[in-house]
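All remarks here apply to the structure that follows.
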Amino acid sequence: MTRPQLAAGDRLVVKVGTSSLVGPKGEPDAARLGTLCDGIAATHAAGIEVVLVSSGAIAAGLAPLGLQSRPPDIPSLQAAAAVGQGRLFRLYNQSLEEHGLTAAQLLLTRYDFMHRQQYLNARNTVDRLLALGVVPIVNENDTIAVDEIRFGDNDRLAALTANLARAKLLLLLTDAEGVHASDPRKDPNAPLLSEVQRITPELERAAGGRGSEFSLGGMASKLAAAWVATFSGVGVVVANSAAPDVVTRCCAGEEIGTFFFPHDRKASARRLWIAFGQPPRGTVTVDEGARKAVVEGKRSLLPAGVTGVQGTFDSGDVVDVSVSGGRPFARGLVRYGSEELVAAQGRSTAELAHGEVIHRDQLIVLED
Ligand code: GLU
């Protein structure tokens with residue numbers, strides 16, 4: 001298999017983080033931003049529709065507030081982002097205008113993907129902007145959400161945006177060359193992976209695991225985003241933002257950074273929305289018979305197969321489904337609250353008011 005080449009009409013989502021945009025003083029660097037916009041303009045000129053997901057609002061807000069460094073508390077960071085977002089956008093707008101392009105600002109949160117109507121509204125706006133030849137520029141709405149400030153999670157927002165835009169490729173630009181076989185901070189000789197067919201637990205561990213120090217906007221966050229995007233049928237490249245012509249070379253299918261192959265089956269938008277629109281609130285553990293019925297038999301999950309319940313959730317929330325000690329193999333909208341489910345587990349459906357734990361139409365299998 002070779003990497004895809006993007007053609008006119010294909011869609012690309014490019015995500016760039018603060019560290020790839022700022023100069024030595026920590027302020028957005030017009031030259032770096034300009035180089036990125038050159039790449040976007042060249043891609044746009046080839047008929048490829050581009051959506052940019054950019055951080056950098058906090059960085060752009062520091063100097064106007066007379067701050068030398070990032071303030072320590074979240075409200076001050078949010079304030080800096082609110083001051084900086086307009087300035088950041090102005091820089092992009094100026095730079096893209098030099099190429100005759102128009103930019104649009106979209107401030108989203110992961111929670112906008114949790115409400116079906118808001119998701120559809122955002123999708124309609126993105127579709128229309130792209131049809132009008134505009135370059136949408138997305139950032140987290142830091143005024144009301146602090147996912148990125150806390151977790152460096154614009155990667156995940158970018159993956160959800162790639163799903164929303166039905167992109168062919170998601171390009172995650174970073175300050176590393178790509179993804180290495182083990183943590184390059186601990187092992188400087190760790191080889192760069194050119195291709196990843198499937199994200200394995202080993203690779204996740206090598207990237208430092210979720211929630212570790214290294215994962216703050218680092219490789220674990222890239223892997224989590226790549227997982228979401230590839231599952232949505234979107235190929236992902238993680239590459240160095242400083243590599244010359246990185247955007248156009250990735251679109252041409254050149255071997256640069258690390259490429260994650262997309263899953264070839266396409267899930268319906270509704271199922272993807274179940275799987276990735278909202279963070280799972282808990283995990284339902286089931287026995288092997290129930291796993292087989294769900295994965296191979298494509299059946300609903302019944303209370304009889306449930307062996308355990310983790311987390312606190314309500315009816316209608318998204319939960320993961322796993323066998324004891326295993327990775328989640330499915331995700332779906334649960335019909336029972338966690339307390340009710342504890343009482344119902346192991347019992348036959350006929351005895352129970354709600355019937356299935358997760359109906360098969362509201363369930364997505366995460367395994368291949
Ligand atoms: N979304 C914020 C920004 O654009 C957060 C980035 C950060 O935490 O540095 O600046």
Side-chain angles (χ1 to χ4, degrees), residues 13-30 32-34 36-37 40 51-96 103-114 122 135-162 164 170-176 208 210-222 224-225 228 238 241-242 279:
V13 173
V14 182
K15 186 261 167 180
V16 62
T18 303
S19 61
S20 301
L21 287 174
V22 296
K25 286 194 195 143
E27 289 171 43
D29 180 297
R32 296 182 87 178
L33 212 127
L36 174 65
C37 289
I40 290 172
V51 178
L52 176 65
V53 178
S54 176
S55 311
I58 292 175
L62 297 181
L65 290 174
L67 298 168
Q68 307 295 326
S69 59
R70 279 170 77 93
D73 63 298
I74 297 279
S76 303
L77 289 165
Q78 290 177 278
V83 169
Q85 177 62 31
R87 291 164 192 264
L88 177 70
F89 183 75
R90 190 172 65 206
L91 288 175
Y92 276 120
N93 209 23
Q94 278 168 354
S95 196
L96 289 170
Q105 173 174 270
L106 279 82
L107 299 180
L108 301 175
T109 74
R110 274 204 288 139
Y111 301 93
D112 292 321
F113 295 83
M114 289 170 45
V135 179
I137 302 181
V138 179
N139 194 1
E140 179 181 79
N141 188 350
D142 297 308
T143 314
I144 51 172
V146 292
D147 284 348
E148 197 202 355
I149 296 173
R150 275 193 217 280
F151 308 116
D153 221 4
N154 249 9
D155 293 322
R156 187 99 73 97
L157 185 67
L160 290 169
T161 302
L164 175 123
L170 167 64
L171 171 55
L172 297 172
L173 292 176
T174 175
D175 39 16
R210 289 192 187 140
S212 73
E213 191 60 29
F214 186 56
S215 80
L216 197 71
M219 278 308 145
S221 160
K222 300 277 173 297
V228 170
V238 177
S241 61

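Here the structure is a predicted model, which is why all the values come from computation and not from measurement. The first residue in the sequence is number 1, and the count goes up from there. For ligands, and for the atoms within them, numbers begin at 1 and follow the listed sequence. All values below were derived from every heavy atom in this structure, side-chain atoms included, with hydrogens, water molecules and symmetry-related copies excluded.
For the atom pair CG of Leu107 and OG1 of Thr143, the computed distance is 7.0 Å after rounding to the nearest 0.5 Å. Taken to the nearest 0.5 Å, the CG atom of Leu36 stands 10.5 Å off from the CZ atom of Arg32. Rounding to the nearest 0.5 Å places CG of Leu106 at 10.5 Å from CG of Asn141.
The nearest heavy-atom contact from the protein to atom 1 (N) of ligand 1 is Glu148 OE1, 2.4 Å.
Listed by atom number, the atoms of ligand 1 under 4.0 Å from Thr18 heavy atoms are 6 (C), 9 (O). The ligand atoms of ligand 1 that sit less than 4.0 angstrom from a heavy atom of Gly56 are 3 (C), 4 (O), 10 (O). The ligand atoms of ligand 1 that sit less than 4.0 angstrom from a heavy atom of Ser55 are 4 (O).
Under 4.0 Å from ligand 1, the heavy atoms of Asn139 that appear belong solely to its side chain. Both the backbone and the side chain of Ile58 come within contact range of ligand 1, each with a heavy atom under 4.0 Å. When non-hydrogen atoms are compared, ligand 1 lies under 4.0 Å from neither the backbone nor the side chain of Gln85.
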| task | Could you please spell out the steps behind the side-chain contact (heavy atoms from CB on, under 4.5 Å) verdict for Leu77 and Arg70? | result | CA-CA 7 Å; Leu77 289 165; Arg70 279 170 77 93; 4.0 Å; yes
| request: Any chance you could lay out the side-chain contact (heavy atoms from CB on, under 4.5 Å) test for Asp147 and Tyr111, step after step, and finish with the verdict? | output: CA-CA 10 Å; Asp147 284 348; Tyr111 301 93; 3.9 Å; yes
| Should Ile137 and Asn93 be marked as a side-chain contact (heavy atoms from CB on, under 4.5 Å) after you check the CA-CA gap, both sets of side-chain angles, and the distance that decides it? | CA-CA 10 Å; Ile137 302 181; Asn93 209 23; over 6 Å; no
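If you check the side chains of Asp142 and Gln85, you find no donor sitting under 3.5 Å from an acceptor.
Remark: ligand 1 and Glu140 share no N or O pair separated by less than 3.5 Å (distance only, no angle test). Between Asn154 and ligand 1, no N or O atom pair is found at a separation short of 3.5 Å. Between Arg70 and ligand 1, an N or O atom pair is found at a separation short of 3.5 Å.
Counting only non-hydrogen atoms, the option in Ala80, Ala57, Ala59 that gets closest to atom 3 (C) of ligand 1 is Ala57.
Using a 4.5 Å cut-off on side-chain heavy atoms (C-beta onward), Leu88 and Leu33 make contact.
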